[in-house]
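As the structure lists them, so they are numbered: ligands from 1, and atoms in each ligand from 1.
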Amino acid sequence: MDEFKIEDNISYKNLFKPYGYINGEWIDLPKGKSFDIYNPSTNKIIAKMPEMGIDETKYAIESANIAFDKWKKKTAKERCLLLRKWYNLVLENIDDLSVIMTLENGKPLKESKAEIIYASSFIDWFSEEGKRTYGRSIPATQIDKRIITIKQPVGVSALITPWNFPAAMITRKVAPALAAGCSVIIKPAEQTPLSASALIYLAQKAGIPKGVINLLVANNPIPIGKELCENDTVRKISFTGSTEVGKILIKDSANSVKKVSMELGGNAPLIVFNDADVDIAVKETLASKYRNSGQTCVCANRIFVQDGIYKKYSEALAKKVADFKVGDGFEHTSDIGPLIDNSGLKKVERHLDDAIAKGAKVLIGGKQPSLGGLYYEPTVLTEVAKNMVLFKEETFGPLAPLFRFKDVDEVINMANNTNYGLAGYIFTKDLNTAWKVSEELQFGMVGINSGILSTEVAPFGGVKESGIGREGAVEGMDEYMEIKYLCFGNIM
Ligand code: ADP
């Protein structure tokens, strides 16, 4: 058996920093409280970290503010060269970063590696885009006037991130912020702070000056979140997480009128039309639905399949799902790791029980495997209906519910019948259907014959209660910049 043994791979310990990081120093709180980080595959404690609170948050804001003054005055090229060094170090340390991620998140090692590559792509891309934050020259309406715009960094930025992509959700925010000239305070999820501190350690090695990146860690995010939102010095909040918490952060930031970016929950429709290529639709559904054990905000949550292809598609999907191996992320054969915690597991079970009570049928899966713990079998449910809880709520687990539909108008109505609007997917060979449905879907992103759409070069984000703003691409850079308009008068 080619099981990966952590003890044979102790080099990751160089990057193992169970601390916060403020003003260029690693911070432990030996006399303060600490909290435990667990490996969700084994339920064993892997580290203790300091429980930071308001005092550390104030100190981080002050340090970031002092650092901002110098960082914004560097040339874009100077900042971008430091980002490039960081990017190189991340790739050089990909094996160790992946081990840390699998340890604290549980995802299979191959998925952790893919995430580190994805995470590094944001540093790569923004290390180039940072040099191109151009303003405009605008023809004036008076002969003696000249009008131009310039872009300037918004200021100290607070970045709050989730556990499902412990590295990429950080670099997707930090890289454009730093490239723009902002300093940052990161508050990673309480389940996965070690990927964050490892990345910051590499940023420190790359030479990013003290105070430019700060890290606050805690099991209780509320006091930190409140201070970050209410403190006037913080000018930007960028958050990825639940809609519920996003709404709290927007409210708490209102008094100081901060710039906000919110990447919140989803309830993605995946629509398979009668004319779809079944092999492509199945392959892409697997990638969309089961990546990260179904724990992504763009995972297909409601799969709508047209009558004429329902049987063929559901059988082909179940056949492939049967090949997935559930297990510890460090076993090379594992395709599906555990869920992140008990509340994640309970939610999947609640959605399944509710669906079955209302008439759904289990085609495959539908229970925990013999491994127990936080594992759940990848599942396909048929004969699913709109009155089931999983139509409204994001399952965030490896459960694929297959709804039936008859025609285009019916499916557009069903797909849009949600408060969320992050990602949607369509499978069809008909160009007309692809265009029409893409335009009608009230979602920020649409995959056409593609189940994966995240990339550093495209604007990622949602509409309705799925969020505000975009990450990645030129739009991702603008989230960390203000536009200033300069009007020159009396030019003769
Ligand atoms: P999830 O349900 O995926 O865990 P959350 O929205 O609860 O998503 O968490 C995402 C991030 O938001 C985490 O870093 C978490 O610590 C943080 N968080 C949760 N509640 C608050 C809050 N009230 N204020 C600030 N941050 C919060």
Nearest protein heavy atom with distance in Å, relative to atom 23 (N) of ligand 1
I222 CG1, 3.6 Å
With a 4.0 Å cut-off, would you call R470 and E479 a salt bridge?
no
Determine, stepwise, if the pair K236 / S261 fulfils side-chain hydrogen bond (donor to acceptor under 3.5 Å, both in side chains).
CA-CA 8 Å; K236 163 92 194 179; S261 303; 2.4 Å; yes
Would you mind finding which of I248, L249, L159 brings a heavy atom closest to atom 24 (N) of ligand 1?
L249
For atom 20 (N) of ligand 1, is the nearest protein heavy atom under 4.0 Å away?
yes
As an exercise, identify every atom of ligand 1 less than 4.0 angstrom from a heavy atom of A189.
13 (C), 14 (O)
To which protein heavy atom is atom 3 (O) of ligand 1 closest, and what is the distance rounded to 0.1 Å?
W163 NE1, 3.4 Å
Is any NZ, NE, NH1 or NH2 atom of the basic residue among E190 and K187 found under 4.0 Å from an Asp or Glu carboxylate oxygen of the other?
yes
Contact (N/O only, under 3.5 Å) between T240 and ligand 1
no
Do the rings of F391 and F304 sit parallel, tilted or perpendicular, given the 30° and 60° boundaries?
perpendicular
Min side-chain heavy-atom separation K259-R235 under 4.5 Å
no
Top protein contact for atom 11 (C) of ligand 1, by heavy-atom distance
T161 O, 3.5 Å
Can you tell me which portion of F396 lies within the under-4.0 Å heavy-atom range of ligand 1? Options are side chain, backbone, both, or neither.
neither
Looking only at side chains, do D96 and S11 share a donor and an acceptor under 3.5 Å apart?
yes
Side chain or backbone, does Q191 bring an N or O within less than 3.5 Å of an N or O on ligand 1?
no
